[in-house]
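Note that this is a predicted model, so its numbers are computed, not measured.
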Amino acid sequence: MTFAEVVALAFALAVDAFAVAIAVSLSLGSLSKRQVLRLSWHFGFFQAAMPVLGWLAGSTIADWVAPIDHWVAFTLLALLGVKMLKDARAPDEKEALLNDPTKGWRLVLLSVATSIDALAVGLSLAFLQSEIWWPALIIGVVAFCMTALGMSLGVRLGKRFGHAMEATGGLVLLAIGVKILSEHLLS
């Protein structure tokens, strides 16, 4: 793969991370540098690690992962989307702090959900007998940057439009989940 192809691939993979970052920042209301760094780091790390895992696994797990990857991503994104819709109806500052999606298991689940496609890319690169280390690094860096940009944009939208944007963020997560599910079921 050429450098331009790897960069284009990295941006394509980072679109979900960007959209989820917008939704997460909407759910937070206010945003700290620590939260931006945590989410950006995890999304970037998982986006870089998943292609490596896929590449290392090669065709060994391809038959196992393919039938369920879309269901896993859909379920994780749908659960968070529904939670955000619920929170937008009855906002509570204390509950928002306790349910910070940039911490704990929610962070890990979001990281996995946004990087499952990268696992498939790693499998594809293994089948093409392509190298993995530079593409994985570029994918991770682009995901990191796109996540930080998404969070910055999301918090600006949230300040301007309030809880309606949080509900919109929940709907966006649901739409991404449905898109992932439909792409796999209809292909």
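Contact detail for R38 and T102: the closest heavy-atom pair is NE-O, 2.7 Å. Heavy-atom minimum distance, S25 versus L31: CB-CD2, 4.2 Å. Considering all non-hydrogen atoms of both residues, G140 and A48 come closest at CA-CB, 3.8 Å. Pairing each heavy atom of A136 with each of V52, the nearest pair is CB-CG2, 3.6 Å. Considering every non-hydrogen atom in both A21 and F43, the closest pair reads N-CE2, 4.4 Å. Residue A14 comes nearest to A143 through the heavy atom pair CB-CA, 4.0 Å, listed as atom of the first residue, atom of the second, then distance.
At distances below 3.5 Å, not a single donor-acceptor pair connects side-chain atoms of S115 with backbone N or O atoms of A118. In this structure, the side chain of S40 engages the main chain of A148 through a donor-acceptor pair within 3.5 Å.
In this structure, SG in C145 is found 8.0 Å from CZ in F11, a value given to the nearest 0.5 Å. Atom OG of S111 is separated from atom CG of L39 by 6.5 Å, given to the nearest 0.5 angstrom. Put simply, CZ on F144 and CZ on F45 are 14.0 Å apart, with the number rounded to the nearest 0.5 Å. Q47 CD to I139 CD1: the interatomic distance, rounded to the nearest 0.5 Å, is 7.5 Å. The CG atom of L53 lies 9.5 Å from the CD1 atom of I132; values are rounded to the nearest 0.5 Å. The line from CG of L153 to CZ of R156 is 7.5 Å long, rounded to the nearest 0.5 Å.
Cluster annotation: L9 is connected to F3 through the hydrophobic network of ILVMFWY side chains, with a link wherever side-chain heavy atoms come within less than 4.5 Å. By the criterion of side-chain heavy atoms lying less than 4.5 angstrom apart, applied directly or through intervening Ile, Leu, Val, Met, Phe, Trp or Tyr residues, L56 is not grouped with L137; the two fall into different hydrophobic clusters. Cluster membership check: W134 does not share its hydrophobic cluster with M50, using side-chain heavy-atom separations under 4.5 Å among Ile, Leu, Val, Met, Phe, Trp and Tyr. L149 and L26 fall within a single hydrophobic cluster, where Ile, Leu, Val, Met, Phe, Trp and Tyr side chains are chained together by heavy-atom contacts under 4.5 Å.
Side-chain contacts under 4.5 Å among hydrophobic residues (ILVMFWY), followed directly or transitively, place L186 with no other residue at all.
Between D16 and K179, the closest side-chain pair of non-hydrogen atoms falls below 4.5 Å. Residues T114 and F46 are not in side-chain contact: their nearest non-hydrogen atoms beyond the backbone lie 4.5 Å or more apart. Under the 4.5 Å side-chain criterion, counting only non-hydrogen atoms from C-beta, L107 is not in contact with P101. No side-chain heavy atom of L37 sits less than 4.5 Å from a side-chain heavy atom of R34.
No option in V20, I22, V15 other than I22 meets the side chain to side chain contact (heavy atoms under 4.5 Å, CB included) test with F18.
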Test V121 against W55 for side chain to side chain contact (heavy atoms under 4.5 Å, CB included), laying out the working first.
-> CA-CA 8 Å; V121 165; W55 185 83; over 6 Å; no
Given W41 and V36, is the side chain to side chain contact (heavy atoms under 4.5 Å, CB included) satisfied, shown in steps?
-> CA-CA 8 Å; W41 167 255; V36 173; over 6 Å; no
